[in-house]
Amino acid sequence: MALIVQKYGGTSVGSVEKIENVAERLIAAKKAGHDVVVAVSAMSGETNRLVEMAQQISAKPDPREYDVLVSTGEQVTIALLGMALKERGYDARSYTGSQVHILTDSSHTKARILDIDESKIRSDLDKGRIVIVAGFQGKDEHGNITTLGRGGSDTTAVALAAALKADECQIYTDVDGVYTTDPRVVPDARRLEKITFEEMLEMASLGSKVLQIRSVEFAGKYNVKLRVLSSFKEGPGTLITYEEDNMEQAAISGIAFNRDEAKLTILGVPDQPGVAHNILGSIGDANIEVDMIIQNVGADGTTDFTFTVHRNDYDSALAILNKTSKELGAREVIGDNTIVKISLVGVGMRSHAGIASQMFKALADEGINIRMISTSEIKISVVVDEKYLELGVRALHSEFGLDEAKD
Ligand code: ASP
Ligand code: MG
């Protein structure tokens, strides 16, 4: 017998009928002899509907009241699921986040879980009940309702699994696992059997939106075995786990990309101490996140400095940089908001040499010009023109042997 935490996302509970399907799945797990705790999202579209109503009242709704509002979506789902289980003769109890003491900090709309009192859940499990917990929400030390950020039900499930020391945390969603890249760009993309926490974090932060990033961080930190599966299609899904030494590792596990990039360059800045700080300090003060940073080797006492930001921040970053440029007496500021980033991700990179040059050659063979390059231990990223995104991802996907085997 195992203790399993399952999570069903919005599309998996998108109608009464689908909620009844979830009930059947929970019953199957119960019949297999497992203890089952389930976290659920709001029915699909519901959280958006609530957010839109709030925005009709205020462009910046009061954060405390916003959380009281948007947390209601999940309460509908837990109640309906509880009814469906009882209708089928199974004992179940539904709880909101605050009822099971999911204690968070007080950062409304993006709270972090600090602690879960699992005693109530345990005593229900001991009585043979299926325990249903509303995802995405908790309460702070003053008893205020908080929410965990969009997609936060994933984090609820992982936190429950960590607190209960569950054998596995299964995230049921509308895709049947984590893919080598986005199948909409590469139809031959393949489902991965396994991926490490580290790789998953890189994939997620680069725009593969299967799981809320925070849930992966949490699972890595507390060593929660995490599995992503489809609630519509049978299959083993993808296991997210620790790297195993004996695992025969392919060099590359996946290709992530991000369309929302922009780059800015300041040319001919004096090459002296404090300049990088001057340039990026004012960008940081405006709460703009910087991703890649490149500074050229100086010549004639000046240097060039390039960095990338999210495309939404391009205009503000450009205005700030123009101001800095005048202050520093730089030559010119140029920018481009039609660029994208493509990254190879894989822990196997550590033990395979020559991946970078293989990547650059594959892109060159397609006539794709690389505008920026950055590397880390398990990732190589390039910036290319937007129009080359699809071509570049496809070329790399086949170059690194990721395409689905054809028979
Ligand atoms: N219902 C929330 C959202 O749509 C939380 C979740 O589904 O994970 O973001
Ligand atoms: Mg979700």
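Excluded from the calculations below are hydrogen atoms, water molecules and symmetry mates; all remaining heavy atoms, backbone and side chain alike, are included. Ligands are counted one by one from 1 in listed order, and the atoms in each one are counted from 1 as well.
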Atoms in ligand 1 flagged as close to R150, the criterion being non-hydrogen separation under 4.0 Å = 3 (C), 4 (O), 9 (O)
message = Within ligand 1, which atoms have a heavy atom of S41 less than 4.0 Å away?
response = 6 (C), 7 (O), 8 (O)
query = Heavy atom under 4.0 Å from ligand 1: found in Q212's side chain, backbone, both, or neither?
reply = neither
key: Atom indices of ligand 1, in the order listed, that fall short of 4.0 Å to a heavy atom of G151   = 3 (C), 5 (C), 6 (C), 8 (O), 9 (O)
request  = Verify, without hydrogens or angle tests, whether T180 (side chain) and R190 (backbone) share a donor-acceptor contact under 3.5 angstrom.
outcome  = yes
ask   = Minimum heavy-atom separation for S376 to E202, with atom names?
value = OG-OE2, 4.2 Å
task = Using atom types as modelled and distance alone, determine if a side-chain donor or acceptor of E261 lies under 3.5 Å from a backbone N or O of H310.
result = no
message = Under the rule for side-chain hydrogen bond (donor to acceptor under 3.5 Å, both in side chains), what residues qualify as partners of T109, not counting sequence neighbours?
response = none
request  = Quick one: which residue pairs count as a ring pair (Phe, Tyr, Trp, His ring centres under 6.0 Å) with a foot in residues 161-182, not counting sequence neighbours?
outcome  = Y8-Y172
ask   = Considering only heavy atoms of S153, which atoms of ligand 1 have at least one such atom less than 4.0 Å away?
value = 5 (C), 6 (C), 7 (O), 8 (O)
message = Below 3.5 Å, N or O to N or O, backbone or side chain included: is there any such pair between K7 and ligand 1?
response = no
message = Are any of the N/O atoms on F136, whether in the backbone or the side chain, positioned under 3.5 angstrom from an N/O atom of ligand 1?
response = no
inquiry  = Please confirm whether G73 approaches ligand 1 to less than 4.0 Å, judged on its heavy atoms.
reply    = no
key: SB check E20 R88 (cutoff 4.0 Å)   = yes
